[in-house]
Every structure is written in structure tokens, then in C-alpha cells.
Trainee: 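Structure below; questions to follow.
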Number of protein chains: 2
Amino acid sequence: MRQPQQDRSRATRQRLLEAAIEALAELGWAGSTVAVVAERAGVSRGAAQHHFPTREDLFAAAVEFVGDARRLWTREHSIDLPTGPERTRAVVDLIVRLYTGPLFRAALHMWVAATSDPQLRESVVTLEAHLGRETHKLALELLGVDESTPGVREIVQATLDMARGLGLANLLTDDSKRRAGIIDRWAEILDTALHSAVSSSAVPNSGVRA
Amino acid sequence: MRQPQQDRSRATRQRLLEAAIEALAELGWAGSTVAVVAERAGVSRGAAQHHFPTREDLFAAAVEFVGDARRLWTREHSIDLPTGPERTRAVVDLIVRLYTGPLFRAALHMWVAATSDPQLRESVVTLEAHLGRETHKLALELLGVDESTPGVREIVQATLDMARGLGLANLLTDDSKRRAGIIDRWAEILDTALHSAVSSSAVPNSGVRA
DNA sequence: TAAAACAAGCACGCGTGCTTGATTTTGTCC
DNA sequence: GGACAAAATCAAGCACGCGTGCTTGTTTTA
């Protein structure tokens, strides 16, 4: 079976990036050497370096790659959420799952490593800023609220920060039990806060919550 | 000036641990080599290794050291908080400052590095569990609430998780402006949520808030 | 003088960037 | 379609720097 060079090249590149993300999530930054990534991708180190001449190149590409993967994950999982009283909890749960899953785990390792690596820092800061804004915007949409209402922006930001904190907590120990309680409570608080914010600004109920 | 050996030994050890924490906060895990720490402490590598024979020993001790430092910081900064309507915000601000300062920054690097280092993991997990509980308990006291009230436990946990998320966000870019807005809003929400939780369980106002 | 604390240097393994070599695919010519 | 050369892709190995654990030597204190 003859595989065209272009496809072959793309496939190898894809495997390397997938392997890089996987290695990051499981082995952390220091453990994700070019040799380890190449082995996980099923290619030699020479082949890996053909596509990504330096470790820096590999992980700059991995930053973009994990960003796209996270966008895709978010899009796929924000369909078919409940529309009734359960919706707020489902939205909070979605955001928390986004930040406690393996993709964010890999990103988190790069986030922390970026503190002492100028090139990586630049790409991670840019990506996280974009993804943060996109996720924030999505949360607004899913919750059926908007930022013209005072306080809504901050509480949605707090929700994302809380989810990141939960992502961090999930790194070393399985935190899922504690997390479920927090999600429940946060959803209640969000409902109350968003309901009172809506009432106090006399904006008609958007209808999504009906 | 003749310095007794014991004092001298303690002083060197202290300097090394301080240097380790400082290096972690500024250079991250990979950058905090024994050589770098020794240089920051103003001693040779041989002297550093006399006190901490392996890198592992050094950072196991650093985990304990930063834990004590964080406890001390918390104790010192939880005195003289406002008692009136500003109290909740001051408590939230304290917790957020605890998690966005250099001590937690150093701890965070060890936290993340611990994912792929079994010995470090053990000490970090233990320390964070203890400190988490202590900080949680302190927050309850400072807010004048207790866990017998349904939902209070979860909301305080969420506050700590949010603070950790803010600590993470502060790693790569100065996030203080955004943070101030979140602290304000979260304090409002906390007041509302804790006030309604107190009312709904018919527990007398503790008086701290008067 | 002996012990403790501190310092300098050695040997080794590891990861990186780079070089050289091998295999596969593509394009051209007949 | 086959032969051949060039380009693309992949693989093996080299040289070097760095960090670690350890050894040997020096200085300070009791």
C-alpha cells in the first residue's frame, strides 16, 4: 500500500503532536523529551527531528495543536445540554470537565514550563488568552446571559478560574467526589446571582431558561 | 566573629531553603538546580550537598519549609481585618493573595513537578491537604460561619479553588486588574450566599459581622 | 587533634542539536 | 512500463554541555 508523501508526512506529524500531548499529560514537561515523544509516535528520533528540528519547534506546534483540540472538545460537548432547571449545572459541569481533562492537563504543564521559557511563554500566553475569551463567550451563550448586566462578566470569569483551580487540584489526586459537590453548589449560586443580576437590571428573561 | 557550628549549620541550611524557594518561584522546577540554589544561598555546591545530599532531599525539605512559610504568612495577614461590611471582601482578598504570592508560586512549581516524581508527590500531596484544611478552617472562622450550615463547606472550598485558579492565571501575566473585579464580585456573592444560608437554617448571626 | 562544615573536582548518564546514512516516493526519460 | 536520479522521509550515530551523585581536599570550630 503506497502512501503519498504528503499524507505520510502529515500522518507522522500528527502522530508526533498527539504523542507530545499524551506525554505531557502523563509525564510532565521534563519527561516529554524528543526521544520519548518519538517513541510514543512510533518513529525514530531522526524522523521526529526532520519534522520538528528542535524541541522548541515541537512544543510550539503542540501548543497550537492542543488549542485546536480543546476548541473541538468544547464544541462537541456543548451540544444537547439540558434546557430546563438543570442547565446551569450542566454548563458548569462542562466547563469544569474542560479544565480537568487530559487536554488541559497537557496545556497546564506547558503553562507552568512557560514561566521560564520565553518562546513557549509567548505562544502559551496568546493561546490561553484566546481560549479564555472563547470559553467565556461560550459560557455566556450557554447560560443565556450577557455582559451588559453588571457583575455577569466577573462571575463568569470566576467560574473559569474556579474550574482552573479544580484542574490543578485534579493533577495529583482524584478529586472528583469533592468536585461534584462544588459544581452543585456553584450552579446554585450562579442561578441565584444571575437571576438577581437580571432582575436588578430589568432585562427580560432570555427565554433559554424557560 | 566566631559563629558556633550549630548556628552556622542552621544558618546555611536556612539560606539554602530560602534560596530553593526563591529559585522555584523565579526559575521554575527545571531551573532550580542544586548549583543555582547553592549560588543563590552564597555557598558552594559541596556545602549544599553536605546538608542535603541529594536534590531530592533538598526539595523534600523545601516542601516543608514553604508550608511553614505559608502558614506564617497566613497567620500574620489574618490579623486586623475589617469587622464591618468590608470583612467578606477582606477575607476573600486575603485568600487570593495567599494563592497569588511568591510562596504559592514556588509551591505550584513543586505541585506540577510532583506529577512525575513519586517522592515529591507524596510530600506535596500531604502538605497541600493539610494546608487546604487549615486555610478552609481559617476562612470559616474569619467569615464567622460554620459547616453545619448546608452548602457552606462547598462554597468555601470553591473559594479556595477559585483562588488557586487565580494563582495559576498570575503565573504568566500580571492579572491583578482582572482579579480585583473578581474579588469584589465574589465577595458580594459570598455575602448573599452566606446570608441566605444562615437565614434558611435559622442559625443566629455569629456577631462577627455586626 | 578530631569532627563538622564547607569547597573543588571527577565520572557518568542524559538530552540536545547536528551529521551521516538508508529507504521510500516522485518525476523524467526512453 | 521500466530504469534512473532527485527529493522527501525516516533512521542511526556523534559531540557536546549540563546536572547529578560522589570523592577528595580545605577551613573552621570544639
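So that the names make sense, note that chain A is the first sequence line, chain B the second, and so on, each numbered from 1.
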Trainee: Name all residues meeting the ring pair (Phe, Tyr, Trp, His ring centres under 6.0 Å) criterion together with His77(A); count only those two or more places apart in sequence or in a different chain, and write none if there are none.
Mentor: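 In terms of ring pair (Phe, Tyr, Trp, His ring centres under 6.0 Å), with neighbours along the sequence ignored, His77(A) is linked to Trp73(A).
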Trainee: Who pairs with Trp29(A) by ring pair (Phe, Tyr, Trp, His ring centres under 6.0 Å), at least two apart in sequence or on another chain?
Mentor: Phe59(A)
Trainee: Within this structure, what is the CH2-to-C1' distance between Trp29(B) and dT20(D), rounded to whole angstrom?
Mentor: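 The distance from CH2 of Trp29(B) to C1' of dT20(D) comes to 13 Å, rounded to the nearest Å.
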Trainee: Taking only residues at least two apart or on different chains, which pairs with a member in residues 12-25 of chain A satisfy salt bridge (charged side-chain N to carboxylate O under 4.0 Å, His left out)?
Mentor: Glu22(A)-Arg40(A)
Trainee: In residues 151-160 of chain A, what donor-acceptor pairs under 3.5 Å come from side-chain atoms, sequence neighbours left out?
Mentor:
from	atom 1	to	atom 2	distance (Å)
Thr159(A)	OG1	Ile155(A)	O	2.8
Thr159(A)	OG1	Trp186(A)	NE1	3.0

Trainee: Which of residues 16-28 of chain B have a heavy atom under 4.0 Å from DNA chain D?
Mentor: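 Under 4.0 Å from DNA chain D: no residue of residues 16-28 of chain B.
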Trainee: Go along nucleotides 2-8 of chain C 5' to 3' and tag each nucleotide: B for a protein heavy atom under 4.0 Å from its base, S when only backbone or sugar atoms are that close, - otherwise.
Mentor: --BBBBB
Trainee: Could you name each residue pair satisfying salt bridge (charged side-chain N to carboxylate O under 4.0 Å, His left out) that touches residues 57-72 of chain A, not counting sequence neighbours?
Mentor: Asp68(A)-Arg71(A), Arg70(A)-Glu128(A), Arg71(A)-Glu134(A)
Trainee: How many whole angstroms separate atom CD of Gln14(A) from atom P of dC10(D)?
Mentor: 14 Å
Trainee: Quickly work out the Glu56(B) CD to dG21(D) C1' distance and round it to whole Å.
Mentor: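 Computing the Glu56(B):CD to dG21(D):C1' distance gives 12 Å.
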Trainee: In whole Å, what is the span from the CZ atom of Arg10(A) to the P atom of dT9(D)?
Mentor: 10 Å
Trainee: Which ones in residues 30-39 of chain B lie close to DNA chain D, meaning a heavy atom under 4.0 Å from one of its atoms?
Mentor: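 Result for residues 30-39 of chain B: Thr33(B), Val34(B), sorted by number.
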Trainee: Kindly write out the residues that satisfy side chain to side chain contact (heavy atoms under 4.5 Å, CB included) with Arg179(B), not counting sequence neighbours, or none if the list is empty.
Mentor: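 Applying side chain to side chain contact (heavy atoms under 4.5 Å, CB included) to Arg179(B) gives Val96(B), Thr100(B), Leu166(B), Asn170(B), Asp175(B), Ser176(B), Ile183(B).
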Trainee: Whole Å only: how far is the CG atom of Leu58(A) from the P atom of dG17(C)?
Mentor: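 That distance rounds to 10 Å.
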Trainee: Can you list everything that forms a side chain to side chain contact (heavy atoms under 4.5 Å, CB included) with Glu39(A)? Sequence neighbours excluded, please.
Mentor: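 Partners of Glu39(A) by the side chain to side chain contact (heavy atoms under 4.5 Å, CB included) criterion come out as none, since no residue qualifies.
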Trainee: In whole Å, what is the span from the CG atom of Asp57(A) to the P atom of dG17(C)?
Mentor: 8 Å
Trainee: Output every pair passing salt bridge (charged side-chain N to carboxylate O under 4.0 Å, His left out) with a member in residues 98-127 of chain B, not counting sequence neighbours, ordered by first then second residue.
Mentor: none
Trainee: Counting C-beta onward and ignoring hydrogens, is there a side-chain heavy-atom pair between Leu27(B) and His109(B) closer than 4.5 Å?
Mentor: no
Trainee: Could you work out, with salt bridge (Lys or Arg N to Asp or Glu O under 4.0 Å) as the rule, every residue matching Asp184(A), not counting sequence neighbours?
Mentor: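 Result, salt bridge (Lys or Arg N to Asp or Glu O under 4.0 Å) vs Asp184(A): Arg89(A).
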Trainee: Given side chains that start at C-beta, do those of Lys137(B) and Glu141(B) come closer than 4.5 Å, heavy atoms only?
Mentor: yes
